[in-house]
Visitor: 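Structure below; questions to follow.
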Amino acid sequence: MSDDKKNNSGLPIAKVYGPADLEQPGQFPYTRGVKTDMYRGRLWTMRQYAGFSTAEASNERYHYLLNQGTTGLSVAFDLPTQIGYDSDHPMSEGEVGKVGVAIDSLADMEALFKGIKLQDVTTSMTINSTASTLLAMYVALAKKQGADLSRIGGTIQNDILKEYAARGTYIYPVRPSMRLITDIFEWCSQELPRWNTISISGYHIREAGSTAVQELAFTIANGKAYVEAAKKKGLDVNVFGKRLSFFFNAHNDFFEEAAKFRAARRIWAKIMKSMGATNPDAMMLRFHTQTGGSTLTAQQPENNIARVTIQALSAVLGGTQSLHTNGFDEALNLPTEKAARIALRTQQIIANESGATSTVDPLAGSYYVEHLTDTLELEAMKLIQLIDEMGGSVAALEAGWMQEQIARSSYESQKSIENGGQILVGVNAFTSKESEIMPSFKINDSIRVQQSEKIAQVKATRNDEIFSSAIKNLYDASGTETNLMPHILNCVEGYATLGEIADILRNRFGEYQG
């Protein structure tokens, strides 16, 4: 982008505004942004989240989104994939392909990205307990495409702690799960240097009913736990710290949300410095944002377009590096193509028509925003210190404290909506007796049959000797301190299914009893 910026009236726009004593963007502790020029140099990645039904159906949606101007892909996986069951497992019945795409083996990953060169896109995968296996499938496909792994970019969510706190798609106990995460940190630092090895997620903490302060505090506290675990493994904070990323919710309170993002950068930079980071890149909090799914209403659903726009703008003015905007119909069903297109156009309008990208941190210096930034930092740090006193996030989760705090906030919020203290337009105020018929997007229950047939075909055609050897080696290695990623990759390349790999680790680690 040119440095010679003018607004629609022809008036010049400086790169940054503020008195001399106001912190500059791109400088520690990065309150005003991680880059000196922010969106004047490069826009955020417009990363629309999609995944449903079969890999083939999701592949069609990815090509559609890329043709519409999406600059990054983001994969939603169905529930069985998230919790380590193949589609033909009895526990998968009724859930295959429903809330994301079903991925049972490398064959499905090949179909998911058919016609898409992984070296030419960045991909974010919302996957946690089976993150190691899905990452291995992605890498195996990249290798089959002849890609240079040093140029493969993307992110796996890989944040298991928030699953115990807020979301529930865990498999193994906390400590073996942390071992898998640090194995990924170590392996990627050597084999996949551009890959973001974790997206420490406040999004689902907020979706479960937390306040903005709790989202900020619990997410940062979880981040500290990952850093401490990696350091105990002997990893260099200045190396793995550069590949940590975050994932936040953009909720309805516009100014609080923008201030939350500014405060998050400041808190994280100070914490990483206190934990030994000296490389500026290891102290920068880079984050993806998704507009609030829990804020979408089934009543008067087109109102959600306005909600998503306000939330997206708060993320942009707060300095996000990547953004997904929800479809207006998602309180009713998976987004239709029309809803997905409007959601993407919302980002494109903010980027190209609103003027919000013309200067860095345009809200800086606002008395209100600066006060909110300071207050959010102060209140979040109080909670982080409480968690530290308990022994950190792992201990706080094992004691059920974090879960209880979120549940209490969720109850208070719902009570406020029901008694009218918190207004939801079209729900408890400005309601309408008219009902609209919205186009729906439903998933056929026959998907499980199709996926089961694919699994049978994979098992019938794979090399049994290569498969058996890889599975045995994974079983043996999981009983030692050996990094498991090379063994999981070998299993994937031998066309072991996701469920077969997860079962080996279930056998070794056990299952979490929440």
Side-chain angles (χ1 to χ4, degrees), residues 1-8 11-47 69-72 122 124 153 155 194 196 199 216 242-248 250 254-270 272 279-291 309-325 346-366 369-370 372-373 376-377:
M1 292 185 181
S2 170
D3 256 354
D4 184 22
K5 281 278 186 182
K6 293 183 179 180
N7 70 8
N8 288 342
L11 302 175
I13 304 170
K15 182 174 73 174
V16 65
Y17 291 90
D21 62 346
L22 191 66
E23 176 199 309
Q24 294 302 299
Q27 296 179 11
F28 181 91
Y30 311 107
T31 311
R32 302 194 64 189
V34 294
K35 300 293 182 185
T36 57
D37 55 357
M38 287 303 288
Y39 306 134
R40 283 175 69 129
R42 178 186 174 186
L43 290 174
W44 65 90
T45 301
M46 299 181 191
R47 189 182 298 285
T70 289
T71 55
T122 60
S124 175
T155 305
R194 285 191 61 212
N196 297 321
S199 180
L216 191 53
K242 293 187 292 186
R243 303 321 305 172
L244 305 179
S245 65
F246 286 77
F247 174 25
F248 288 112
F254 176 80
F255 290 106
E256 182 177 55
E257 293 303 293
K260 180 186 74 182
F261 303 132
R262 300 172 88 246
R265 280 191 294 273
R266 186 191 294 171
I267 296 169
W268 185 246
K270 293 176 181 177
M272 286 296 278
N279 187 319
D281 288 344
M283 292 185 272
M284 291 178 184
L285 184 147
R286 297 164 298 111
F287 69 100
H288 170 71
T289 312
Q290 182 172 339
T291 56
T309 302
I310 292 166
Q311 293 164 7
L313 186 58
S314 77
V316 170
L317 294 179
T320 193
Q321 278 64 65
S322 172
L323 178 61
H324 165 81
T325 32
T346 300
Q347 294 198 49
Q348 292 165 336
I349 289 167
I350 291 172
N352 297 290
E353 296 185 23
S354 72
T357 61
S358 296
T359 190
V360 178
D361 194 21
L363 294 181
S366 155
V369 171
E370 297 296 354
L372 275 175
T373 303
L376 285 163
E377 178 185 16

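We use all heavy atoms of the structure for the numbers below, so side chains are in, but hydrogens, waters and symmetry mates are not.
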Visitor: How far does OG of S245 sit from CE of M284, to the nearest 0.5 angstrom?
Guide: 14.5 Å

Visitor: For the atom pair CD (Q290) and NE2 (H324), what is the distance rounded to the nearest 0.5 Å?
Guide: 4.0 Å

Visitor: Apply salt bridge (Lys or Arg N to Asp or Glu O under 4.0 Å) to E377 and K270, showing your working.
Guide: CA-CA 11 Å; E377 178 185 16; K270 293 176 181 177; 2.9 Å; yes

Visitor: Give a yes or no on whether the backbone of A14 and the side-chain of R40 come within a donor-acceptor separation of less than 3.5 Å.
Guide: yes

Visitor: Could you measure the distance from the CD1 atom of I350 to the CG atom of L317? Nearest 0.5 Å is fine.
Guide: 8.5 Å

Visitor: Backbone N or O of V34 within a donor-acceptor pair of the R265 side chain at under 3.5 Å?
Guide: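 Answer holds: no.
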
Visitor: Are any side-chain N or O atoms of T320 and backbone N or O atoms of S322, one a donor and one an acceptor, separated by less than 3.5 Å?
Guide: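 Yes.
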
Visitor: Partners of F246 by ring-ring contact (aromatic ring centres under 6.0 Å, His included), sequence neighbours excluded?
Guide: W268

Visitor: When you compare the side chain of M46 with that of T70, does any pair of heavy atoms fall below 4.5 Å?
Guide: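 No - every pair of side-chain heavy atoms lies 4.5 Å or more apart.
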
Visitor: If you measure only the distance, is there a donor-acceptor pair under 3.5 Å linking the side chains of N196 and T155?
Guide: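 Their side chains do contain a donor-acceptor pair, which is all the 3.5 Å distance test asks for.
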
Visitor: With E23, which residues qualify under salt bridge (Lys or Arg N to Asp or Glu O under 4.0 Å), at least two apart?
Guide: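 Result, salt bridge (Lys or Arg N to Asp or Glu O under 4.0 Å) vs E23: none returned.
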
Visitor: So, does Q24 use its side chain to make a donor-acceptor pair with the main chain of L22 at under 3.5 Å?
Guide: yes

Visitor: Is any side-chain heavy atom of S358 less than 4.5 Å from a side-chain heavy atom of N7?
Guide: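 No, side chains not in contact.
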
Visitor: Who passes side chain to side chain contact (heavy atoms under 4.5 Å, CB included) against A264, sequence neighbours left out?
Guide: L216, F248, L285

Visitor: Between P362 and T359, which heavy-atom pair has the shortest distance, and what is it?
Guide: CD-O, 3.5 Å

Visitor: For residues G318 and F261, report the shortest heavy-atom separation together with the two atoms involved.
Guide: O-CB, 3.5 Å

Visitor: Could you list the residues that satisfy ring-ring contact (aromatic ring centres under 6.0 Å, His included) with F255, not counting sequence neighbours?
Guide: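 Once residues adjacent in sequence are excluded, the partners of F255 under the ring-ring contact (aromatic ring centres under 6.0 Å, His included) criterion are Y368.
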
Visitor: For T36, what residues pass the side chain to side chain contact (heavy atoms under 4.5 Å, CB included) criterion, not counting sequence neighbours?
Guide: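 Checked T36 against side chain to side chain contact (heavy atoms under 4.5 Å, CB included); matches are K15.
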
Visitor: Just how far is it from atom CD of E257 to atom OG1 of T289, taken to the nearest 0.5 Å?
Guide: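 So the CD of E257 and the OG1 of T289 are separated by 9.5 Å.
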
Visitor: Do side-chain atoms of T291 reach the backbone of A312 as a donor and acceptor pair under 3.5 angstrom?
Guide: no

Visitor: Compare every heavy atom of L43 with every heavy atom of A351, then report the nearest pair and how far apart it is.
Guide: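 Residues A351 and L43, closest heavy atoms: CB-CD1, 3.9 Å.
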
Visitor: Determine yes or no for a side-chain-to-main-chain donor-acceptor pair under 3.5 angstrom, with R262 supplying the side chain and Y30 the backbone.
Guide: no

Visitor: Between R32 and D361, is the closest basic N to carboxylate O distance under 4.0 Å?
Guide: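 A salt bridge is present here (some side-chain N lies under 4.0 Å from a carboxylate O).
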
Visitor: Is it true that T31 and R266 share a donor-acceptor pair across their side chains at a distance under 3.5 Å?
Guide: yes

Visitor: Do you see a donor-acceptor pair shorter than 3.5 Å between the side chains of R47 and T122?
Guide: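 Judged by distance alone, the side chains do pair up.
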
Visitor: Within the side chain of Q321, is there an N or O that forms a donor-acceptor pair under 3.5 Å with the backbone of F287?
Guide: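 It does hold such a pair.
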
Visitor: Provide the closest heavy-atom pair for A269 versus P29 in the form atom of the first, atom of the second, distance.
Guide: CB-O, 3.6 Å

Visitor: For T45, check side-chain hydrogen bond (donor to acceptor under 3.5 Å, both in side chains) against everything at least two apart and list the hits.
Guide: none

